[in-house]
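Here the structure is laid out as structure tokens; the discussion comes afterwards.
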Amino acid sequence: MLDWVLSESFLMNVIAYAIPIIFAACASLISNKAGISAINIEGAMSVAAVAGALMSHFSGSWIVGLAFAMTAGVLMMMLLALAALWLRADSFLSGIALNTFASGICLLIVKGVLNGRTDSSTAPSVMVPQVRFPLLSDVPVVGKAIFSQNLLFYIMLAVLAFLVVLLNCTKLGVQIKTAGYHPEASESVGVSVKRTRVIALVICGVMAGLGGAYLSMANLGYFSAGMVSGRGFMGIAAEAMGAGAPIKAGLFALLFGAVDYFAVGGQTVLSFPYELLNTLPYLMTLITLIIYATAQKRKKG
Amino acid sequence: MNEVLCMKNITKRYENGVLANENASFSLCKGEIHAIAGENGAGKSTLMKILFGAEQPTEGVIELSGKQVKITSPKVATRLGIGMVYQHFMLVDELPVYLNVFLGIEKRRGILLDKQAMIRETYELCRKYDMPVDPMAPCGELPVSLRQKVEILKVLARKAEIIILDEPTAVLTPQETEQLFRQLRILRNDGHTIVIITHKLKEMKMLCDRITVMRQGRTVGVVNAADVTEQQLSELMVGNAVLLKVNKSPAHPGKIVAEMQKAVVPGSGRLRLDNVSFSVRAGEILCLAGVEGNGQQQAAECMTGQIAYQGSVKVLGQEVSGRSVRTIRNLGMAHIPEDRMTMGTDQQASLHENLISVDFGSNTRLGFLRNKKLRLRSEQQLMDFGVKGQYHTPIALLSGGNMQKVVVARELSQSPKLIIADQPTRGVDVGAIAFIHEKLVSLRDKGCGIVLVSADMSEVLSLSDRILVFHEGQIVAEITDVGNTSEQQLGRYMLGIDRMEAGS
């Protein structure tokens with residue numbers, strides 16, 4: 001088992017598994033900062049995965065696929081905005097409803113387009129290309145994991161940097177934080193909270209879209225029903241534990257990615273019932289959230 | 001006299017029919033400090049919200065420097081040079097002072113924030129107006145008086161000519177109030193025009209040049225502060241003479257109704273309540289005085305069973321710890337909570353529902369409510385306490401003073417043996433204050449023990465029989481000779497400058 005953990009492919013796979021979770025964490029972070037919880041990130045990723053897979057297949061271009069995936073993510077978030085900001089429904093309940101809606105609409109689309117199939121393996125996606133930095137990727141252990149990855153990995157790094165700059169160094173960042181921490185203060189200086197939250201949800205949708213696209217256009221190569229399988233929720237949990245700090249949230253998401261990979265990759269290496277291994281990511285989410293909540297409580301005294 | 005602003009015949013009728021302003025007029029001269037005085041519900045806040053663009057008038061015109069203007073939003077008001085310091089601060093605790101000061105008007109270089117420029121300008125404003133604020137400090141870590149300064153800086157950063165302050169001294173000690181007044185005078189001398197909304201007579205006399213008095217939505221008079229007495233002012237405000245002094249005979253304390261022994265309440269950093277012991281007797285009004293956040297609220301909350309403590313707190317002979325609020329209330333404790341909006345009342349419910357929420361008395365049969373009897377009881381209570389409203393009126397439609405009267409009616413109608421009154425008259429008009437004070441004194445004379453938590457100096461000194469001053473979680477002074485104590489002396493204890501030795 002130790003050989004497996006220390007192998008070059010282990011770190012690479014951990015990162016590969018963590019990418020969609022990190023995207024989800026980023027999406028959750030930006031919406032939470034603006035004071036609206038978007039638990040339909042899970043569903044938005046799923047819809048984005050369908051849109052990306054099918055559109056890249058039919059257009060023959062991964063760029064078109066990626067664009068449609070992001071658009072689908074944004075559309076799902078706009079449904080949340082419609083329910084929670086305009087119709088003033090509870091954002092949590094709306095999010096749950098939208099997740100259910102997402103799993104239904106995904107199946108409907110795939111079945112409709114591909115004659116009753118529940119996955120799109122007969123219509124494979126055009127994959128987002130891999131990027132390989134010469135020389136650097138030959139560095140032992142970390143070289144391959146960091147310098148020979150899918151393009152979406154580098155987009156993810158850019159997204160993290162974008163978040164840090166956005167929140168700390170821009171006017172929009174201040175507006176987003178104000179909308180989250182003290183919405184009345186925002187209104188009192190003439191900045192519409194609704195407008196700020198819509199913008200935050202658009203960014204959130206783009207990020208969830210990228211996460212979904214990674215699953216069907218870089219990781220697996222086609223859409224399959226239920227393929228998001230809790231990664232959106234794991235991202236939300238990672239963000240909660242990172243307490244709103246982008247880099248910390250990213251690191252927690254990486255940890256979740258490691259456990260997620262452990263559960264899948266471990267099945268071939270470990271002699272352990274795979275049903276139990278499969279519960280590992282969810283168990284991990286639960287345990288870390290409990291630890292996080294306890295630590296928070298102690299801090300508050 | 002150089003008139004900069006004129007509001008003519010302003011009428012504001014809300015959709016639900018409530019008339020907040022009726023034909024009200026208001027005018028401002030350049031470089032004056034002008035008070036808008038009146039009871040709660042007199043319409044002074046609404047009039048100022050209209051001026052600041054937060055509300056739209058149903059009728060009337062506003063002229064700024066002789067030109068008619070339409071102030072459709074706070075943004076427009078800001079552009080016209082009008083700024084407002086709200087009573088409830090609009091600060092983002094998590095952001096540093098300089099970002100709060102420039103909230104909404106952030107300086108930028110390209111797409112990024114120009115932090116250095118904002119820090120520098122905040123610093124310069126602080127120096128110019130003698131405000132000891134650190135531009136880099138997170139707002140949440142500042143004490144209330146400094147948070148207020150940040151609000152003023154916010155308005156100044158927007159280059160406001162006319163600055164409206166909504167009850168700015170409600171949260172300040174006498175010393176802090178004086179400091180604020182000094183800064184406001186600097187601002188006036190610098191050419192700013194200042195409006196303060198207040199119902200504190202002394203402050204109007206001390207600070208202001210002119211006073212506009214409002215009553216029931218109308219302006220009933222504009223006077224020069226130097227030309228009127230406090231008594232005349234309060235008559236203008238209320239419409240009939242109200243005693244500013246509380247009429248009461250000396251107390252006759254009886255047996256102990258509540259006592260606290262070495263009570264400790266932990267907090268982050270330091271103890272919220274640090275080894276506090278005292279007792280309350282029947283027939284006395286004991287005041288727990290102190291600047292907000294110095295433990296007096298916690299002491300009251302221990303007695304009402306709201307927070308956990310170490311040590312011993314006994315209410316009417318029973319240890320509070322481990323008992324539900326209900327059990328303690330059933331012993332004969334009544335509680336007027338500090339915040340009538342969230343704890344004192346159910347804002348979604350009617351007056352009747354609020355009144356019966358704590359106790360049905362014997363008005364149930366087989367577990368069902370006897371609604372007719374309960375309704376009669378509510379109507380009686382509303383009448384007894386002079387609440388302006390029907391039993392079915394939603395409580396959210398009442399003014400602050402009337403809302404508080406509902407809370408007081410409910411709590412005092414239970415014939416309590418101990419009353420915990422936490423800021424019972426905060427933000428309540430002169431008429432209602434006198435009424436609430438009178439009720440408390442009459443219950444005291446019937447042998448009820450009363451614990452009063454208050455930050456209002458004149459209330460503390462006029463109502464209490466005995467005062468315990470809290471500072472940083474400890475009792476620093478016990479004042480038994482209340483009549484001969486000055487506000488200044490009390491303020492020095494509250495700020496921890498002076499300290500009475502135990503037993504003296």
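Order of the sequence lines sets the chain letters (A, B, ...), proteins ahead of strands, with each chain counted from 1.
Ranked by non-hydrogen atom pairs under 4.5 Å with chain A, the options B:Glu106, B:Glu94, B:Arg158 are led by B:Glu94. Annotation: maximal heavy-atom pairing with chain A below 4.5 Å, among B:Asp114, B:Leu99, B:Leu95, B:Leu91, occurs at B:Leu91. Interface remark: of the candidates A:Thr178, A:Leu166, A:Leu172, A:Val165, A:Thr178 forms the most heavy-atom pairs closer than 4.5 Å to chain B.
Here the side chains of B:Asp93 and A:His182 are not in contact, with every heavy-atom distance at 4.5 Å or above. By the 4.5 Å heavy-atom criterion applied to side chains, B:Met90 and A:Val189 are not counted as neighbours.
Taking all atoms of both residues into account, the shortest heavy-atom contact from A:Ala185 to B:Val92 is CB-CG2, 4.2 Å. The minimum heavy-atom distance between B:Pro74 and A:Ser188, with the atom names listed, is CB-O, 4.1 Å.
Residue-environment remark: OH (A:Tyr154) exceeds the threshold of 12 foreign heavy atoms within 6.0 Å. For NZ of B:Lys75, the number of neighbouring non-hydrogen atoms (other residues, nucleotides, ligands) closer than 6.0 Å is 12 at most. For B:Glu124, the CD atom counts as densely surrounded, since its 6.0 Å shell holds more than 12 non-hydrogen atoms of other residues, nucleotides or ligands.
Proximity to chain A is limited to the side chain of B:Lys115, based on heavy atoms less than 4.5 angstrom apart. Heavy-atom distances place the backbone of B:Phe89, and not its side chain, under 4.5 Å from chain A. Using a 4.5 Å cut-off between heavy atoms, B:Ile111 contacts chain A through its backbone alone, with no side-chain atom that close. Contact annotation for B:Leu103: both backbone and side-chain heavy atoms come within less than 4.5 Å of a heavy atom of chain A.
The CD1 atom of B:Ile105 sits 8.0 Å away from the NZ atom of A:Lys171 when rounded to the nearest 0.5 Å.
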